[in-house]
Amino acid sequence: MFPGRVTSTRLVDRAEPLVRELQRRASSPGRSPRTAVVLGRLLGAGVVVCFATGLFSHLVQEQPAWLPLSPRPVWLYRATQGVHVAVGLALVPVLLGKLWAVYPRLFAWPPVTGVRSVLERLSVLVLVATALLQLATGVMNTAQWYAFPFSFKPVHLALSWVLLGSVVLHVAVKLPVIAGSWRAPSAQDEDADDEDDEDDEEAVARRTALTAVGAATAATVLLTVGQSLPALAPLALLSPRRPGVGPQGLPVNRTAREAGVLQTAVSADWRLEVVDERRGALVLLTLEELRAMPQTGARLPIACVEGWSQDADWSGVRLRELLALVGAPAGSDVRVSSLQVRGGYRTSLMRGAYAQDPRTLLALALGGEPLHLDHGHPARVIAPGRPGVLQTKWVRRVEVLS
Ligand code: HEM
Ligand SMILES: Nc1nc2c(c(=O)[nH]1)N[C@H]1C(S)=C(S)[C@@H](COP(=O)(O)O)O[C@H]1N2
Ligand SMILES: [Mo]
C-alpha cells in the first residue's frame, strides 16, 4: 500500500549492518577520545595563534587611520608573520591526525538522534571544511600556487572568523568529553581492576598515534622554519624561498621582468618625483642627485607576508629628508608609486609614523652595492616594521597625502 515507505525502510535496514561494519573496521584503540582531545587542544591553540597573527597582518597592511601602529620594534612583523606561517604549517599534520582519530564517528548509528545531534554534526562539518580550506589555501598561497578561483586574502580573512567561531562552538558542545579528559589520569588510578589490560593497550596505541603526529609536525616545522629563522636556513628545503638564495644574497618575490619594468627601471630619463600637490610643490631628482645627498645605513628585514624573511644592510636617503624638500609637515602620510603598471603592489600607503622614522629609507644600495634590478633599482622603500608587500621597489613617485 505504501511502496515508497516500505522501500525506504528496507534501505535503512540494509544500511545499518553496513555502517556498523564500517565503524567496526575503522575502530582502533589509538583513536580514543583522549587522542582526539589532545590533538584538539593543539589545533585550538594553533588556530587562536594564527587568528591573532593573521589579523595583525591584515591590520598592518591596511594601516587603518583609527589604529596608530608603530614602526618599532623593527622585527615585530617579521616575528608575527613567521609564527603565523610556521604554526599554520605545523597544524597540517595535527589536523590530519585529528581527522584520523575521529573519522569513524562518521559511521555513527543511528546517524542522527535529534535536533541537537543534527546541529552538532552540522557544526563539525563547518569546522572540518573551514579548517581544511584555510590550511590548504594558506599553504598554496605561500607556494604562490593560485589554483583556487577566488582571491586569497578576503576569503582567508572571512574563513578565519568562521573557523574561530566554529572552534568555540565545537569546544562548547564537546565540553563534557574535554572535562572528562582532564579528570582521566586520576580516575584511571582508582579503578585498578580487570580493565587495566585494555587501558594499557589503549594507552600504547594512543602514544604511538600521537608520536607519529608529533614526528610529522616536527619534520614539517624543521624543513620550513629556516625561511624565517636564520640558524635553520640550511634545513628549509620545503620552503619556496630560502634566506641567502637570490641576487645579492637575498630572495626575490617578484622580479623586474615579472613586474614589467625591465626597460623603464634602467632608463636614463628616470627621475624621482617628490610631490605635495596641495602645496604645489614638486621636486625631481636624478639618481646621481640622490646619491649626492647624505646617505644613511640601516639593517632592516624584508619580511614577506608569505613567511620568509631576511635581514639586510640597506643604505640610501632618509625618506623624511626627501619629504622636507617639498616642505611636508613632519608626520605626513605618503603614497609611494612604482614604475610598475599592473599588479597589487605597484603602490603603497605609508602612515606618518613610518615616514618620519629615521630608519625609513629610499634605499639605493644593498650590502654596500647598488641595488640589483630585481631588488628595486634605481630606488626602493625600506622601512622598519612593514610587511614585504609594502616595501615598494622601482620607486618613481613619492606623494605627500596629509
Ligand atoms: C589556523 C588557521 C588560520 C587562520 C585563522 C589564519 C588567519 C589569517 C588572517 C586573518 C590573515 C590576514 C588576511 C588579510 O590580510 O586580509 C592571514 C594571512 C595569511 N595567512 Fe593565514 N590563517 C590560518 C592558516 C594559515 C596557513 C596554514 C597558512 C600557510 C601556511 C597561512 C598563510 C597566510 C598568509 C601567507 C597570509 C598573508 C596573506 C597576504 O597578506 O597576502 N595561514 N591568515
Ligand atoms: N613595485 C613592487 N614592489 C614590490 C613588490 C612588487 O611586486 N612590486 N613585491 C613586494 C614583496 S611581496 C616583497 S616580499 C618585497 C621583496 O623584496 P626583494 O625582492 O628585494 O627581496 O618586495 C616588495 N616590493
Ligand atoms: Mo612578499
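Ligands are counted one by one from 1 in listed order, and the atoms in each one are counted from 1 as well.
Around ligand 2, the residues contributing at least one heavy atom under 4.0 Å from the ligand are Leu250, Pro251, Val252, Asn253, Arg254, Ile302, Cys304, Trp308, Ser338, Gln340, Tyr345, Asp374, His375, Arg380, Gly388, Val389, Gln391, Thr392, Lys393, Trp394.
In this structure, Arg78 and Pro301 approach most closely via the heavy-atom pair CD-CB, 3.8 Å. Nearest heavy-atom pair across Arg386 and Gln391 is O-NE2, 3.5 Å.
For atom 38 (C) of ligand 1, the nearest non-hydrogen atom of the protein is Phe152 CE2, 3.4 Å. Nearest protein heavy-atom contact of atom 40 (O) of ligand 1 is Gln61 NE2, 2.8 Å. Of the protein's heavy atoms, Leu157 CB, 4.1 Å lies nearest to atom 13 (C) of ligand 1.
Only protein N, O or S atoms were considered, and those under 2.8 Å from atom 21 (Fe) of ligand 1 are His84 NE2, His156 NE2.
Residue Gln81 holds the heavy atom nearest to atom 36 (C) of ligand 1 of all those in Lys153, His58, Gln81.
Taken to the nearest 0.5 Å, the OG1 atom of Thr255 stands 10.0 Å off from the NE2 atom of His372.
For ligand 1, the atoms closer than 4.0 angstrom to any heavy atom of Phe51 are 5 (C).
Only side-chain heavy atoms of Leu91 come within less than 4.0 Å of ligand 1; its backbone N, CA, C and O stay farther off.
Using a 4.5 Å cut-off on side-chain heavy atoms (C-beta onward), Tyr103 and Arg31 make contact. Side-chain contact between Leu91 and Leu43: present, with at least one pair of heavy atoms (C-beta onward) separated by less than 4.5 Å.
The shortest separation from a heavy atom of Glu62 to ligand 1 is not under 4.0 Å, leaving the residue out of contact.
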